[in-house]
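Down below is the structure, laid out as structure tokens.
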Amino acid sequence: MLMLGLLLLPLTLVHASPATPEPCELDQDEESVRCYCNFSDPQPNWSSAFLCAGAEDVEFYGGGRSLEYLLKRVDTEANLGQYTDIIRSLPLKRLTVRSARVPTQILFGTLRVLGYSGLRELTLENLEVTGTALSPLLDATGPDLNTLSLRNVSWATTDTWLAELQQWLKPGLKVLSIAQAHSLNFSCKQVGVFPALATLDLSDNPELGEKGLISALCPHKFPTLQVLALRNAGMETTSGVCSALAAARVPLQALDLSHNSLRDTAGTPSCDWPSQLNSLNLSFTGLEHVPKGLPAKLSVLDLSYNRLDRKPRPEELPEVGSLSLTGNPFLHSESQSEAYNSGVVIATALSPGSAGLSGTLALLLGHRLFV
């Protein structure tokens with residue numbers, strides 16, 4: 001396995017043709033040393049991964065290849081005693097692995113090796129994890145990650161994969177991102193508590209929906225969760241999301257529902273939002289008016305780039321410290337009306353792509369539109 005090769009496991013048994021180009025390259029700047037390896041060649045030189053031993057930021061690309069044949073060449077439960085001091089000395093902080101078919105034994109064996117490193121951020125993308133997981137060795141422990149990002153990773157164990165992965169991570173994980181997941185229907189009885197997790201990003205899971213959110217947010221498993229991102233996650237109503245949060249009992253402070261197609265929730269039962277929630281992002285959700293049943297008080301409410309055709313009345317809004325209405329149709333009509341009545345034509349800049357405004361004009365528009 002390419003990660004095992006990096007961390008000095010015996011993959012040098014896999015030889016490459018002398019004509020095979022070196023797949024790994026180093027890039028250094030004033031801040032860090034980065035290493036990128038492309039192992040898409042039919043007969044890659046795995047030992048080239050040793051070039052990355054001095055890098056803080058390492059990325060491997062597998063070219064969609066299967067790594068199952070390596071199971072016959074490496075012992076994922078080998079005694080690491082002779083390697084642990086070397087692994088601890090590596091400067092590795094960030095590791096990205098993309099595009100490969102990886103047996104579970106190799107993935108979890110690699111996490112065992114990384115448990116001796118200083119790795120803080122791990123990204124897995126476009127992976128197919130095959131086979132069933134073995135129970136961790138009694139002395140096995142994985143890396144002390146701060147951030148774990150998973151994008152388009154499929155697992156043979158569809159409902160237990162999170163619980164199995166969790167066994168190979170130390171409990172200090174603070175940021176977890178899961179995008180384009182094949183399954184978020186977790187077996188909550190098997191999932192352990194994430195005692196330090198502060199940010200959970202389930203964006204870019206358009207099939208999730210509010211019912212799926214209830215399954216994903218296992219009750220009492222996220223006691224320190226402060227930020228939840230659900231961009232493009234199939235959410236339909238703010239009330240449905242509120243119900244899922246109430247069931248999960250999370251102490252949420254910030255919620256991002258942007259880039260969902262939200263609809264009117266008039267007539268739905270009231271719901272108690274998390275008491276500490278103070279920031280709500282409803283931008284790019286197609287809203288034609290302010291949804292009913294929002295939290296009574298917010299520090300930040302983002303309603304930008306929706307379809308509001310009039311300025312919301314005070315009674316329609318929560319008590320809010322900072323309100324964003326940028327990019328809504330009523331602002332365009334108001335600015336055109338003001339410009340006509342004053343006899344001055346003022347260019348409006350209400351879309352993210354607008355450019356070329358002078359500082360004076362930008363200030364003038366900001367004053368007219370938001371005061």
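Any value given below was found using the heavy atoms of this structure, including those in side chains, with hydrogens, waters and symmetry copies removed.
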Does the Ser304 side chain pair with the main chain of Leu325, one donor and one acceptor, at a distance under 3.5 Å?
no
If we ignore hydrogens and angles and just use 3.5 Å, is the side chain of Thr285 paired with the main-chain N or O of Leu282 as donor and acceptor?
yes
Taking salt bridge (Lys or Arg N to Asp or Glu O under 4.0 Å) as the definition, give me every residue that meets it alongside Arg231, ordered by chain and number, with sequence neighbours left out.
Asp201, Asp256
Mind checking whether [X] and [Y] have side chains closer than 4.5 Å, heavy atoms only?
{"X": "Asp159", "Y": "Thr157", "answer": "no"}
{"X": "Leu228", "Y": "Leu230", "answer": "yes"}
{"X": "Pro91", "Y": "Glu56", "answer": "yes"}
{"X": "Leu323", "Y": "Asp302", "answer": "no"}

Does the distance from Cys271 SG to Cys242 SG come in under 2.5 Å?
yes
So, Cys37 with Cys52, SGs under 2.5 angstrom?
no
Which label fits Phe186 and Trp161: parallel for a plane angle under 30°, tilted from 30 to 60°, or perpendicular past 60°?
perpendicular
[X] atom [atom1], over 12 foreign heavy atoms within 6.0 Å:
{"X": "Lys170", "atom1": "NZ", "value": "yes"}
{"X": "Glu207", "atom1": "CD", "value": "no"}
{"X": "Glu319", "atom1": "CD", "value": "no"}

Paired with Leu301, the side-chain contact (heavy atoms from CB on, under 4.5 Å) test is passed by just one of Ser324, Ser322, Pro318, namely Pro318
Of Ile87, Thr84, Leu119, the residue whose pairing with Val113 passes side-chain contact (heavy atoms from CB on, under 4.5 Å)
Ile87
Before giving the answer on side chain to side chain contact (heavy atoms under 4.5 Å, CB included), spell out for Thr104 and Ile106 the whole-Å C-alpha distance, their side-chain angles and the decisive distance to 0.1 Å.
CA-CA 5 Å; Thr104 303; Ile106 287 183; over 6 Å; no
With sequence neighbours left out, the residues meeting side chain to side chain contact (heavy atoms under 4.5 Å, CB included) with Gln253 are Gln226, Gln276, Asn278
Taking it one step at a time, do Phe60 and Phe39 satisfy ring pair (Phe, Tyr, Trp, His ring centres under 6.0 Å)?
CA-CA 7 Å; Phe60 292 117; Phe39 290 110; 5.8 Å; yes
In plain terms, say whether Glu121 and Lys93 are close enough for a salt bridge, that is, a side-chain N and a carboxylate O under 4.0 Å apart.
no
So that I can tick it off, tell me whether Arg310 and Glu316 are bridged by a salt bridge, with the cut-off set at under 4.0 angstrom between side-chain N and carboxylate O.
yes
Listing request: all side-chain hydrogen bond (donor to acceptor under 3.5 Å, both in side chains) pairs with a residue in residues 31-40, at least two apart in sequence or in separate chains.
Asp27-Arg34, Asp29-Arg34, Asn38-Ser40
